[in-house]
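Data first, discussion second: the structure below is written as structure tokens.
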Amino acid sequence: MPPASRRTALLATVLGVATAGVLVLDLARPALAEPVRVAAATVAAPAQRLVAGWDDGRVLELTTERDELAARVDALEQQLRGREQLEALDRSAAVPRERPLLPARVVAFAPVASPVGGRTVTLDVGERDGVRTDQTVVDAEGLVGRVLRVAPRSADVLLLGDADVVVGVRFGEQGALGSVQATPVPGLPTRGHGELTLTVMGDSPVAVGDEVVTLGSPDGVPYAAGIPLGTVTSLDPDRGQLDRTAVVRPHVDTDTLDLVAVVLTDVPAGDQP
């Protein structure tokens, strides 16, 4: 311990002992303690101001150092999470390999009741990065949605599960055709949070556990082909509806999106040779 610190600690100990003695004497003989209390206060006041002044400054210094270290740790943790998410995207079977991907971070969201319409999230990439409307957006688990609006440096994505989103799909080992949407037709059981409805085309069999993937669109717009979408979790009872239906649990939790990727349909002008 440095000499200054030892002196401060000794001074604090002496003051503590003296204060305790005065308190004991004050309780036993109040009249006798008054001169001692006055003398102790007179002697201790400068020392108390010195200790208090040093202590406040030291506390402020340590607090500042602590806050700076906490900020650095938080920044490093964010970098690590971002690197892990990028690696997960790179390894994921959900990501199409035939087109370039543009990693992006979700920076804002709009609920269903938003005046602009649709349940969307905003990405930190935009037209200058090669983002165009109707491009597919994915994460390491599967389909997220499609680009709805584009600004120079940001883009809004209409999420899978929005009431206006209908996606053509294939399901099961045979790749049977169907469509997936959030709103079930009248007469079907109520869906749980995030659950979707698969409508089967024709008489193709559907079973619990069937994997559902995107059918794809011309030129991959708005949905590239073969992107995992979800899993069939239950079959709806036959209540006289024209088409067979089932419940699908999507792979992507759109309530917790962070790092995603935009499937680019062309190369940004600035990247062309």
Side-chain angles (χ1 to χ4, degrees), residues 71-111 114 116 118-162 165 167 169 180 194 196 211-231 249-273:
R72 290 174 58 188
V73 169
D74 184 61
L76 290 173
E77 288 178 344
Q78 289 184 8
Q79 291 178 10
L80 179 60
R81 285 195 298 271
R83 186 176 295 111
E84 291 173 346
Q85 290 172 328
L86 282 172
E87 291 174 353
L89 268 175
D90 186 60
R91 295 191 304 265
S92 174
V95 175
R97 304 296 175 182
E98 65 275 9
R99 294 183 183 275
L101 298 177
L102 176 67
R105 185 78 63 182
V106 173
V107 294
F109 74 94
S114 171
V116 296
R119 184 166 179 260
T120 64
V121 294
T122 301
L123 308 183
D124 62 353
V125 294
E127 189 174 8
R128 295 184 180 183
D129 304 291
V131 180
R132 305 289 183 265
T133 57
D134 285 336
Q135 289 176 335
T136 307
V137 180
V138 300
D139 74 358
E141 303 300 324
L143 182 66
V144 171
R146 63 179 176 85
V147 177
L148 181 64
R149 292 178 292 269
V150 183
R153 297 191 180 277
S154 65
D156 292 335
V157 177
L158 185 63
L159 298 176
L160 176 68
D162 182 82
V165 173
V167 183
V169 298
V180 165
L196 308 174
E211 285 296 316
V212 181
V213 302
T214 55
L215 174 62
S217 311
D219 297 324
V221 176
Y223 300 110
I227 298 175
L229 185 149
T231 305
R249 170 63 63 180
H251 292 313
V252 174
D253 182 359
T254 54
D255 292 338
T256 60
L257 290 172
D258 185 13
L259 187 73
V260 299
V262 181
V263 182
L264 300 179
T265 52
D266 51 24
V267 179
D271 293 344
Q272 294 177 354

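All values below were derived from every heavy atom in this structure, side-chain atoms included, with hydrogens, water molecules and symmetry-related copies excluded.
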Treating [X] as the side-chain partner and [Y] as the backbone partner, does any N or O pair qualify as donor plus acceptor under 3.5 Å?
{"X": "Thr231", "Y": "Glu211", "answer": "no"}
{"X": "Asp129", "Y": "Val131", "answer": "no"}
{"X": "Asp139", "Y": "Glu141", "answer": "yes"}
{"X": "Arg132", "Y": "Glu127", "answer": "yes"}

Could you go step by step and tell me if Thr133 and Leu148 meet the side chain to side chain contact (heavy atoms under 4.5 Å, CB included) rule? CA-CA 5 Å; Thr133 57; Leu148 181 64; over 6 Å; no

Taking all atoms of both residues into account, what is the closest heavy-atom pair of [X] and [Y], and its distance?
{"X": "Tyr223", "Y": "Val165", "value": "OH-CG1, 3.5 Å"}
{"X": "Ala104", "Y": "Val125", "value": "CB-CG2, 3.5 Å"}
{"X": "Val150", "Y": "Gly126", "value": "CG1-C, 4.0 Å"}

Let's go through Gln135 and Leu264 carefully: what are the C-alpha distance in whole Å and the side-chain angles of both, what is the deciding distance for side chain to side chain contact (heavy atoms under 4.5 Å, CB included) to 0.1 Å, and is it a yes or a no? CA-CA 7 Å; Gln135 289 176 335; Leu264 300 179; 3.9 Å; yes

Kindly compute the distance separating OG1 (Thr136) from CD1 (Ile227), expressed to the nearest 0.5 Å. 5.0 Å

Hey, could you give me the CZ/CG distance between Phe109 and Leu159, rounded to the nearest 0.5 Å? 11.0 Å

So, are Arg119 and Asp162 salt-bridged, with charged N and O less than 4.0 Å apart? no

Salt-bridged, Arg153 to Asp124, with N to O below 4.0 Å? no

So which of Leu229, Thr214, Val252 actually passes side chain to side chain contact (heavy atoms under 4.5 Å, CB included) with Leu160? Leu229

Show your reasoning for whether side chain to side chain contact (heavy atoms under 4.5 Å, CB included) applies to Leu101 and Val263. CA-CA 5 Å; Leu101 298 177; Val263 182; 3.7 Å; yes

Please examine the side chains of [Y] and [X], heavy atoms only from C-beta on, and report whether any two atoms are closer than 4.5 Å.
{"X": "Leu123", "Y": "Val260", "answer": "yes"}
{"X": "Pro250", "Y": "Leu196", "answer": "yes"}
{"X": "Val212", "Y": "Val180", "answer": "yes"}

Quick one about Asp156 and Thr120 (side-chain donor to acceptor, distance below 3.5 Å, no hydrogens or angles considered), yes or no? no

For Val106 and Thr122: C-alpha separation, side-chain torsions, deciding distance, then whether side chain to side chain contact (heavy atoms under 4.5 Å, CB included) applies. CA-CA 6 Å; Val106 173; Thr122 301; over 6 Å; no

